[in-house]
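Chain identifiers are assigned alphabetically (A, B, ...) following the order of the sequence lines, protein sequences preceding nucleic acid strands; residue numbering begins at 1 within each chain. If you're wondering where the values come from, they're calculated on a predicted model, not measured in any experiment. For the numbers below, each heavy atom of this structure counts, side chains included, while hydrogens, waters and symmetry mates do not.
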Amino acid sequence: MFEDSYPPRVVPVLVPMPAPGPYSYAVPEGMIVMPGSIVRVPLGPRQVAGIVWDGEGGDVNPKKLRPITQVFQCPPVPEEMRRFVDWVAAYTLSRPGMVARMVLRAPEAFEPERAVEGVVRTGLVPEKMTAARKRVLEITENGLSWTRSGLSHASGVSTSVIDGLIAQNVFSRIELQPPPVVAVPDPGYGANALSEDQAAAAETLKAAIDKGGFQSLLIDGVTGSGKTEVYFEAVARALEKGRQVLILLPEIALTQAFLDRFENRFGSRPAEWHSELSPRMRERVWRQVAEGRIRVVAGARSALFLPFEDLGLIIVDEEHDPAYKQEDRVFYNARDMAVVRGHIGRFPVVLASATPSVETRVNAQQGRYQRIELASRFADAALPTLKTIDMRKSPPARGSFLSPALVEAVQDTLARKEQALLFLNRRGYAPLTLCRVCGHRFQCPQCSSWLVEHRFRNQLMCHHCGHHEPSPEACPACGALDHLAPCGPGVERIAEEVVAQFPEARTIILSSDMPGGTKRLRLELDAIAKGEADIVIGTQLVAKGHNFPNMTLVGVVDADLGLANGDPRAAERTFQLLSQVTGRAGRTGKKSVGLLQTYQPEHPVIRSIVSGDRESFYAREIGEREKAMLPPFGRLAGIVVSAETRAEAEGHARQLRRAAPPAPDIAILGPAEAPLAVLAGRHRFRLLVQGEKRSDLQGFIRQLLERAPKERGSLRVHVDIDPQSFL
DNA sequence: GGGGACTCAAAG
DNA sequence: TTTGAGTCCCCG
C-alpha cells in the first residue's frame with residue numbers, strides 16, 4: 001500500500017512565470033489530473049494557479065518535488081488551447097508560462113460559481129389562501145423554478161409571503177444554476193436585408209463555415225459598405241452549427257454601438273471581454289466561456305486567450321488597427337494570432353477592414369487569404385466628395401491653423417444645421433514650446449523628445465514615456481518671463497481657434513487624454529450622435545467606427561502629419577487614418593464633403609485618398625515595401641531589440657554581428673525614428689534586426705538574451721510579425 | 001538598531 | 001513574475 005504511492009506520479013505544470021518550460025509536480029494519491037487541468041501548486045513561498053501540461057514531468061531533484069495542492073473544479077484547458085499557447089510562446093520568443101498566464105487571467109473563475117438558491121412548487125397547496133399567496137401560485141402555475149427575490153418581484157408580494165409558503169412545504173428550496181451573463185443569441189432573430197454585394201459576400205463566408213476546416217478570409221470593403229452585417233451572417237451560421245464565436249474589436253470599451261447592432265441582429269448582447277470589466281464579471285465570463293454557456297464573445301485582443309470549449313469562428317474587425325498589437329511582456333499581434341488559432345482549431349477566420357493592412361493585402365494577393373470585396377456603400381450612404389486645400393495657395397491667417405476655405409466650409413455646414421468634424425491627430429495644445437529670448441526648447445529629460453503643452457492640465461507632457469511637469473512661467477535656461485512660445489497646433493489649440501471663430505456653435509473636443517476617461521468619452525460620443533454638438537474636434541479616436549449621422553463635413557487640419565516620421569508604416573497609417581476619418585461623413589446619404597489641408601497635394605498618399613483610388617495606394621505601397629525589403633517582404637524585418645542607451649544598443653549589435661553567420665542586418669534607431677514598436681518605458685534605442693529566416697533571427701536573439709543576462713531589464717525584444725512565415 | 005531603497009537569486 | 005534575503009546608507 002505504502003509502496004503504491006512511490007515513486008509518486010509526476011506531471012508537468014505550466015506556472016505563471018518566465019521559466020523556460022513547465023515545472024514538475026507530484027500528484028498526491030487519489031488526485032485525478034489530466035493535461036489541461038487547472039491546479040493550485042506551491043511555488044516558492046506562495047500558491048499559484050497553473051495548467052497541467054502535456055508529456056512527462058521532467059526529471060527534477062526529487063527533494064525539490066512538491067505535490068499539487070488542489071485540482072480546481074473547472075473544465076480543463078482544451079488541447080487546442082494548449083497547442084496555441086505553445087505556438088504563441090515559440091513564435092513570439094516568450095516563455096510558455098507567460099502565455100499561460102494570459103489564459104489564467106481570471107483567478108477567481110476556477111472555482112465553480114456559487115449556485116443561486118431558488119424555489120419550486122411541491123404540488124401541495126397552502127392551508128390558508130390569501131390574495132398574496134394566490135398571486136404567487138398563479139405565477140408559478142407552470143412549475144418552473146424561481147429565485148426568491150425574482151418571484152417576490154414578479155408577483156408583487158414581499159419575500160416573507162414566499163418564506164411562509166416554503167415553511168408550509170408549498171415550495172421547496174432548490175439550487176439553481178448561476179444565471180448566465182448574457183442570453184443565448186438567436187441566429188434567426190433580426191436578419192437584415194442585404195444588398196446584392198453583401199449577400200454574395202455572406203454566402204462566401206457561410207460556405208467556408210459549412211465546408212469546415214481552416215481558412216482565412218478578408219472582407220475588404222469601403223467605409224460604410226456594411227461589413228458588419230455581412231459577417232453577422234457568418235456568426236449566425238456558426239451559431240446554427242452549435243459553435244462558439246469570437247469577435248475581436250480594437251478598443252471595445254468605446255464601441256457600445258457595436259453591441260447594440262449585435263443585439264438588433266441576434267436578440268441579445270454578446271458577452272464582453274476587455275480590460276475594463278469588473279473582476280466579478282471577468283470571472284463569470286471566463287467561467288461561462290469555458291463551460292460553453294456563452295456562445296459569442298466580443299472582446300479586445302486578450303479575448304483570444306479565453307478557454308473556449310468549442311470555438312468555431314473568429315472575426316477580426318478593423319484588422320489593420322494597431323491596437324491589436326500587444327507590446328509588453330508577450331509581444332503579439334492578435335490579428336495574426338487569431339489566424340493561428342483558427343489553423344490550430346481548424347475553423348475559418350474572417351478579417352474585416354475598409355483599409356486592410358498591407359500585410360493582409362499581400363496575403364490576399366498571394367492567395368493565403370481569400371479576399372471578398374465590397375465596392376460600394378450600402379443603401380443611401382454616399383461617399384463624401386474629397387478635396388485638398390493647398391496650404392501654400394490658401395494659407396491660414398497669421399497665428400491660426402485653419403485656412404479660409406475650411407473656415408468657410410464649417411460656416412456653411414453650421415448654416416445647414418449639420419455637423420462638422422475637424423481632425424488633427426495631435427493631443428494637447430502645442431507640440432513644442434520654445435523660448436523666444438534664448439531659443440531654449442522644452443525636452444523630456446528621460447527620452448529627449450519634445451514636451452507637449454497641455455493647457456487644460458496646465459502641464460508639459462512627454463507623449464513618449466509619460467513624463468510630465470507643470471507648465472513653466474519662465475524659461476529655465478535664461479529666466480526670461482513671458483517669452484515662451486507655443487509652436488504648432490494640437491487639438492486644444494484648434495478648439496481655441498474654433499471657439500473664437502464660431503462662439504455660438506457647440507464645440508466638443510474628443511481626445512483620449514481628456515479628463516473623465518472612457519465613460520466620459522462614451523457619453524460625448526452619444527451626445528454627438530444625438531446632434532448635441534455642432535463642431536467636433538478630435539484626434540484619431542474619431543476615426544474609429546463611430547456613427548455620426550448628421551456629420552457632413554470632415555476637415556483634416558494637417559493631412560501631412562505622420563507622412564514623414566521615419567516609420568516604415570507611416571504612409572500606410574496615414575492612408576488608413578485619413579480614409580477612416582473622412583469616411584465618418586455622409587453616413588445617411590446627405591451630401592457630404594471632406595477637406596484635407598496639405599502642403600503636398602501631389603503626395604501619392606494624399607492623391608489616392610482624394611481620388612478614392614485605394615488600389616493605387618496598395619499597388620504603390622506594396623511596391624515600395626518590396627523595394628525596401630520592409631514587412632511583409634523579403635527579409636524578415638521582424639525583430640526589434642530596445643536598449644536604454646546608444647552605447648548599450650551598439651554593444652548588443654556587436655554581439656549579434658559576431659554571432660554565427662549569416663549575420664543579420666542591424667540598424668540602430670533613436671527615439672525620433674522609432675519605427676515598428678512603441679518605445680516602452682526607459683528604452684530609448686532600438687536595433688532593428690533583419691535576417692533571411694525567422695529561425696535564424698530567433699537563434700540570434702536567444703543568444704543575445706543569454707549572453708547579456710546583466711542587461712535584463714534594459715533589453716527588450718520585440719517581434720514584429722512577418723505574415724509570410726506563418727504556419 | 002531599524003527602515004527604506006535597491007539588487008539578486010530562486011521558484012519544481 | 002513574485003518573493004525573501006542581503007546590502008548599503010542614513011538617521012538624534
Side-chain angles (χ1 to χ4, degrees), chain A residues 5-72 76-77 82 85-86 88-110 275 279 282 286 301-302 305 326-332 445-446 641-645 648 680-683 701-702 704-719:
Chain A
S5 56
Y6 281 89
R9 189 154 72 95
V10 176
V11 292
V13 175
L14 222 41
V15 285
M17 56 161 232
Y23 275 3
S24 302
Y25 283 87
V27 183
E29 192 164 0
M31 181 183 278
I32 297 170
V33 297
M34 60 183 95
S37 294
I38 300 182
V39 291
R40 185 201 296 281
V41 290
L43 183 67
R46 64 211 166 106
Q47 295 277 325
V48 298
I51 309 173
V52 175
W53 219 239
D54 304 79
E56 304 284 309
D59 41 8
V60 251
N61 182 351
K63 279 190 190 153
K64 280 190 171 184
L65 200 62
R66 298 165 79 183
I68 293 173
T69 315
Q70 176 198 355
V71 186
F72 288 107
V77 175
R82 302 200 300 276
V85 169
D86 282 335
V88 172
Y91 190 75
T92 63
L93 299 164
S94 31
R95 299 307 177 50
M98 296 307 285
V99 182
R101 195 170 173 267
M102 302 196 292
V103 178
L104 301 177
R105 278 276 169 76
E108 305 303 313
F110 313 143
S275 58
R282 175 173 298 266
W286 194 96
R301 57 176 186 246
S302 59
F305 294 93
Q326 168 144 79
E327 313 219 32
D328 63 47
R329 298 180 185 91
V330 178
F331 292 74
Y332 67 93
Q446 311 217 19
V641 184
S642 304
E644 200 171 333
T645 62
E648 204 180 290
R682 315 170 300 164
H683 302 272
I701 297 298
R702 288 218 175 87
L704 181 69
L705 289 169
E706 274 157 27
R707 284 190 199 175
K710 289 276 175 286
E711 277 90 342
R712 250 182 342 196
S714 69
L715 184 78
R716 285 286 146 80
V717 175
H718 162 87
V719 181

Nearest-Å distance for atom pair CE/P, residues A/Met17 and C/dT1 | 12 Å
Residues A/Val88 and A/Ser94: closest non-hydrogen pair is O-OG, 4.3 Å
For A/Pro76 and A/Met34 the tightest heavy-atom approach is CG-SD, 4.2 Å
Look at A/Arg95 and B/dA11 and indicate whether a side-chain polar atom (N or O) is within less than 4.0 Å of OP1 or OP2.
-> no
For the pair made of CZ in A/Arg105 and P in C/dT1, what is the distance, rounded to whole Å?
-> 9 Å
Quick one: label A/Pro45 by what it contacts on the DNA or RNA (base, sugar-phosphate, nothing), any heavy atom closer than 4.0 Å.
-> sugar-phosphate
Within this structure, what is the CG-to-P distance between A/Leu43 and C/dT1, rounded to whole angstrom?
-> 14 Å
Taken to the nearest whole Å, CG/A/Leu65 to C1'/B/dG12 is 7 Å
Rounded distance (nearest 0.5 Å) linking atom CE of A/Met102 with atom OG of A/Ser302 | 9.0 Å
Distance in angstrom units between A/Tyr23 OH and C/dT1 P, rounded = 14 Å
Once you round it to whole Å, what is the distance between C1' of B/dA10 and CZ of A/Arg66?
-> 12 Å
Glycosidic class, syn or anti, of C/dG12 using a 90° window around 0 | syn
Atom NZ of A/Lys63 to atom C1' of B/dA11: distance rounded to whole Å?
-> 17 Å
Could you tell me whether A/Pro12 contacts a base, only the sugar-phosphate backbone, or nothing, with contacts defined as non-hydrogen atoms closer than 4.0 Å?
-> nothing
Contact summary for A/Ala49 and A/Leu104, nearest pair of heavy atoms = O-CD1, 3.6 Å
Distance in angstrom units between A/Arg46 CZ and C/dA5 P, rounded = 15 Å
